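Everything numeric here is computed off the predicted structure, so don't read it as measured data. Here is how names work: the chains are called A, B, and so on, in the same order as the sequence lines, proteins then strands, and each is numbered from 1.
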Protein chains: 2
Amino acid sequence: MAKNDSCSIRLVHDDVVKRVKRKLKSEEIFVRLADTFKALDDPTRVKILYALSLNELCVCDISALLDVSESAVSHQLRVLRNMRLVKFRKEGRIVYYSLCDDHILALISQGLEHVNEK
Amino acid sequence: MAKNDSCSIRLVHDDVVKRVKRKLKSEEIFVRLADTFKALDDPTRVKILYALSLNELCVCDISALLDVSESAVSHQLRVLRNMRLVKFRKEGRIVYYSLCDDHILALISQGLEHVNEK
DNA sequence: CAAATATATGAACATATATTCATATATTAG
DNA sequence: CTAATATATGAATATATGTTCATATATTTG
């Protein structure tokens with residue numbers, strides 16, 4: 001409202017904005033991308049994923065490993081399952097979780113590189 | 001594979017848990033890692049970063065590009081600045097933002113690969 | 001069958017967060 | 001100097017989210 005015409009015409013870099021706009025992905029892609037990162041935005045979930053990159057683990061293992069209640073672990077695993085970040089196999093009563101694929105570890109490794117800089 | 005070690009009450013794979021525990025990063029690393037991903041967990045911020053990977057842009061540009069108020073853009077840019085994901089240069093009244101380094105684009109690209117799978 | 005075990009889930013609560021609005025700061029023009 | 005402009009920021013609000021607690025489901029064992 002404030003700066004429709006005057007700002008747009010004089011100060012916005014109209015050509016650049018138009019060019020970049022053409023290269024933007026769809027709204028849906030960005031939402032799904034953000035949702036993927038959202039699955040990684042919690043320390044407990046990152047720990048779970050990192051641990052699973054080292055070994056497949058059952059809920060009970062993860063709970064003991066991270067000192068988080070089994071219920072909390074189960075809730076977090078559901079988030080990770082929904083985002084197709086982890087898969088599982090059942091062996092009797094025990095459910096073993098592991099990473100869906102190598103992208104997940106690649107993502108975390110990239111994040112670690114950024115964190116470790118400076 | 002023995003399941004119940006004598007010293008644990010619950011059914012835990014004690015050896016595996018201990019081995020994985022030794023390889024875990026510090027609490028601080030995981031928190032910073034999660035914080036990094038948290039900066040990417042919002043559609044608006046992902047769009048901003050993706051746009052900045054195509055071209056440096058001022059606040060006004062981003063606002064027009066994404067149809068988000070300049071105030072909202074500014075708030076989000078602060079988050080990205082705090083996580084050292086974007087840098088800026090001032091030219092008079094105009095502040096031009098760009099990505100800090102190539103890791104950021106690498107991270108987003110990895111995320112896109114995961115999103116684009118099936 | 002019932003009891004025990006491993007995991008999953010719904011509800012509730014407390015905390016975190018994104019946007020809006022109003023205002024502040026910084027820079028340039030006149 | 002004042003006015004205008006580009007961006008930044010604090011407060012408020014509405015929404016989202018993580019954990020806990022209680023309970024449910026599924027599987028094995030006796």
Side-chain angles (χ1 to χ4, degrees), chain A residues 1-13 17 30-31 34-48 56-83 86-98, chain B residues 3-5 8-13 17 30-31 34-35 37-49 56-83 86-98:
Chain A
M1 69 180 177
K3 49 195 47 179
N4 289 346
D5 303 277
S6 51
C7 175
S8 294
I9 290 171
R10 291 202 310 107
L11 293 170
V12 169
H13 306 80
V17 170
F30 283 121
V31 169
D35 281 343
T36 298
F37 288 123
K38 191 171 293 183
L40 300 165
D41 80 356
D42 176 80
T44 300
R45 281 196 296 268
V46 187
K47 287 180 201 169
I48 291 176
E56 79 169 359
L57 295 165
C58 67
V59 177
C60 198
D61 289 338
I62 299 171
S63 171
L65 177 69
L66 305 181
D67 197 30
V68 174
S69 77
E70 293 178 27
S71 178
V73 169
S74 193
H75 277 294
Q76 300 294 27
L77 283 170
R78 179 164 54 163
V79 174
L80 298 174
R81 247 164 29 221
N82 288 342
M83 294 313 295
V86 301
K87 62 185 194 295
F88 62 93
R89 66 182 180 87
K90 291 180 106 170
E91 200 170 282
R93 294 173 268 207
I94 302 183
V95 181
Y96 290 92
Y97 281 88
S98 56
Chain B
K3 291 179 178 176
N4 202 350
D5 281 2
S8 70
I9 296 167
R10 302 279 285 116
L11 187 65
V12 174
H13 305 80
V17 169
F30 283 121
V31 169
D35 282 343
F37 288 122
K38 191 171 292 180
L40 300 165
D41 80 356
D42 176 80
T44 300
R45 282 196 296 269
V46 186
K47 286 180 201 170
I48 291 175
L49 292 174
E56 79 169 359
L57 295 165
C58 68
V59 177
C60 198
D61 289 338
I62 299 171
S63 170
L65 177 69
L66 305 182
D67 196 30
V68 175
S69 78
E70 292 178 27
S71 178
V73 168
S74 194
H75 276 294
Q76 299 293 27
L77 283 169
R78 179 162 55 161
V79 174
L80 298 174
R81 246 164 31 222
N82 287 343
M83 294 312 296
V86 302
K87 62 184 195 294
F88 61 93
R89 68 183 178 85
K90 292 179 103 170
E91 199 170 281
R93 294 173 267 206
I94 301 183
V95 182
Y96 290 93
Y97 281 87
S98 55

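Atoms CD (Glu70(A)) and P (dT23(D)) sit 18 Å apart, rounded to a whole Å. Following rounding to the nearest Å, Arg89(A) (CZ) and dA26(D) (P) show an atom-to-atom distance of 21 Å.
Considering every non-hydrogen atom in both Asp42(B) and Ala34(A), the closest pair reads C-CB, 3.7 Å. Between Ser69(A) and Ser63(A), the shortest heavy-atom contact is C-OG, 3.8 Å.
Both geometric conditions, a ring-centre gap below 5.5 Å and a plane tilt below 30°, are not fulfilled together for His75(A) over the base of dT19(D).
Ranked by how close their nearest DNA chain C nucleotide is to the 5' end, Ser71(B) and Val59(A) are led by Val59(A). The 5' end of DNA chain D is approached more closely, in terms of each residue's nearest nucleotide, by Lys38(A) than by the other of Lys38(A) and Ala72(A). For the pair Arg93(A) and Asp41(A), both in contact range of DNA chain D, the more 5′-proximal nearest nucleotide belongs to Asp41(A).
Between Tyr97(B) and dA8(D) there is a side-chain N or O to OP1 or OP2 distance below 4.0 Å. The side chain of Ser69(B) contributes an N or O atom lying less than 4.0 Å from OP1 or OP2 of dT20(C). Not one side-chain nitrogen or oxygen of Gln76(A) sits closer than 4.0 Å to the OP1 or OP2 atom of dT17(D).
Closest to the side chain of Lys90(B), out of dT9(C), dA26(C), dT9(D), is dA26(C). Checked against dA6(C), dT19(D), dT9(C), the side chain of Arg78(A) finds its nearest nucleotide in dT9(C).
Side chain of Arg45(B) to main chain of Ala39(B): a donor-acceptor pair is present (N/O by atom type, distance under 3.5 Å, no hydrogens or angles).
The aromatic rings of Tyr97(A) and Phe88(A) are tilted relative to each other, their planes meeting at an angle between 30° and 60°.
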